[in-house]
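Lettering follows sequence order; numbering is per chain, from 1. As the structure is a prediction and not an experimental result, all values here were calculated from the model. Every heavy atom of this structure was used, including side-chain atoms; hydrogens, water molecules and symmetry mates were not.
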Number of protein chains: 2
Amino acid sequence: MNQTKRKDAKASKPLSRIQEANRKAILDAALDVFATSGFRGATIDAIAARTGMSKPNLLYYFKSKQQIYQQVLEQTLEDWLAPFEAIDPEGDPVEELRRYITAKLEMSSKRPEASKLFANEILHGAPVVGSFLETTLKDLVTEKTKVIRHWVGEGKLAPIDPYHLIFMIWATTQHYADFDIQIRAVAGSQAGRPGFSEQAAQAVLTIILNGIKPR
Amino acid sequence: MNQTKRKDAKASKPLSRIQEANRKAILDAALDVFATSGFRGATIDAIAARTGMSKPNLLYYFKSKQQIYQQVLEQTLEDWLAPFEAIDPEGDPVEELRRYITAKLEMSSKRPEASKLFANEILHGAPVVGSFLETTLKDLVTEKTKVIRHWVGEGKLAPIDPYHLIFMIWATTQHYADFDIQIRAVAGSQAGRPGFSEQAAQAVLTIILNGIKPR
DNA sequence: GTCTATAAGAGGATAGAC
DNA sequence: GTCTATCCTCTTATAGAC
């Protein structure tokens, strides 16, 4: 992840504690605003208001709206991929995938804004993360497809295409964050109940894991 | 779908053939632009340019950007739900679901803009279709959950929650349209090949249908 | 560091000629 | 019906006082 000039340049810019706190507050607020409004829909005013700062003061910390957006995205991507990277080729296939799906569902439930931010970026043509997708992510996915293919070869999984399995997991898990409005509208009372997330996890795991068990 | 004043008011506004053609051209162009740029990101200029019209001329046909957006969405929703409504309670469960999933994947492949437009609308809080989701769609989904539950009761499907099965189908099928950029970036050469859509359909059907078969 | 004021520009919408 | 010109609002970004 390209983080050319953040807190590294200690020599030229020793950021104070308040400065770091302010930057973080801005990025947190920006995540929410960008997630629900998209890049164009978001305004610096809205982000500033959410942090209690004035608009020019916010631009004292980040030189442009674009820059805030990029940094929020970068920050988010790292967390986002961690559980995917953690899939262990040596582990039990079904158990590894169960762990991965569970982790992603938990992220969708606890930080839906992160998922929405990412969805927005891709939906609009991935102007910022496009090259990241074509390099880092592509390599990572290629690696994991090999792992899955190996599992299939050993007879530990049904013969499914690794790419589509991965896409399916991404789709289902992120859907609960990205389309939460629709889910709440449609499932109504059900979606409000406390155990709903767990119920979702149960259902997704049941279907996918049953679907890929060798028979 | 609320279509209070479209081509119904024949008495006050008998639209000519060219008028209808122009309106349609505008709505087609608008679908593309709104889908890739979102409501805020889209400009009347961009839509006008795509139709070869001038901005004011476009506003002769529709009185505001908002109005164009609403009509594009309404128009899209009808097509979007047709295959869902068509799920037949009397049919064979697995066969009905196979037909539905296949139809949705085909729509994602042939008209990804429609899916993206809808995704955008939901992602941003469903400002226009919110009430539609809470009424018409909710009722429709409730009806279909009963059908699925009935199938489960008869032992024709594994005991899965109907809501989550429906969400899963929506998620996976629409993912191929909404995230096509990511899919192409990650799957690279694979995604370019002619049989890719069919391969995707095969994989999705295999996993979901295996996942819900009674055992 | 944080504010008020304002420049600069994009984009939605209208007026009015043709 | 379609165009050119224009108005006006919203938003990004900067200048400069405190």
Is any side-chain heavy atom of [X] closer than 4.5 Å to a side-chain heavy atom of [Y]?
{"X": "A:Q66", "Y": "A:V128", "value": "yes"}
{"X": "A:Q182", "Y": "B:F118", "value": "yes"}
{"X": "B:N120", "Y": "B:F39", "value": "no"}
{"X": "B:T172", "Y": "B:I207", "value": "no"}
{"X": "B:V72", "Y": "B:L117", "value": "yes"}

Does a side-chain N or O of A:S64 approach OP1 or OP2 of D:dT14 to a distance below 4.0 Å, or not? no
Using a cut-off of strictly less than 4.0 Å, decide whether A:N57 has a side-chain nitrogen or oxygen near OP1 or OP2 of C:dG1.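 Indeed not, no polar side-chain atom of A:N57 lies that close.
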[X] [atom1] to [N] [atom2]: how many Å, rounded?
{"X": "A:Q66", "N": "D:dT11", "atom1": "CD", "atom2": "P", "result": "18 Å"}
{"X": "B:I26", "N": "D:dT2", "atom1": "CD1", "atom2": "C1'", "result": "12 Å"}
{"X": "A:I44", "N": "D:dT11", "atom1": "CD1", "atom2": "P", "result": "11 Å"}

Electrostatic pair A:E95-A:R98, nearest N-O below 4.0 angstrom: yes
Picking from [options], which would you name as closest to the side chain of [X]?
{"X": "B:Y61", "options": "D:dG1, C:dT2, C:dA13", "result": "D:dG1"}
{"X": "A:K65", "options": "D:dT12, C:dG12, C:dG1", "result": "D:dT12"}
{"X": "A:L59", "options": "D:dT14, C:dA13, D:dG1", "result": "D:dT14"}

Heavy-atom contacts under 4.0 Å between residues 32-43 of chain A and DNA chain D, which residues?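 Within residues 32-43 of chain A, the residues near DNA chain D are A:A42, A:T43.
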What parts of residues 49-56 of chain B reach DNA chain D, counting only heavy atoms under 4.0 Å away?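 Going residue by residue through residues 49-56 of chain B, the ones with a heavy atom under 4.0 Å of DNA chain D turn out to be B:S54, B:P56.
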Could you grab the distance from atom NZ of B:K104 to atom OG of B:S115, nearest 0.5 Å is fine?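 Reported to 0.5 Å precision, the distance equals 6.5 Å.
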Can you list everything that forms a salt bridge (Lys or Arg N to Asp or Glu O under 4.0 Å) with A:R40? Sequence neighbours excluded, please. none
Which residue is it: A:D180, A:T36, A:D178? I am looking for the one with a side chain to side chain donor-acceptor pair (under 3.5 Å) to A:K116.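 Per the side chain to side chain donor-acceptor pair (under 3.5 Å) rule, the option paired with A:K116 is A:D180, out of A:D180, A:T36, A:D178.
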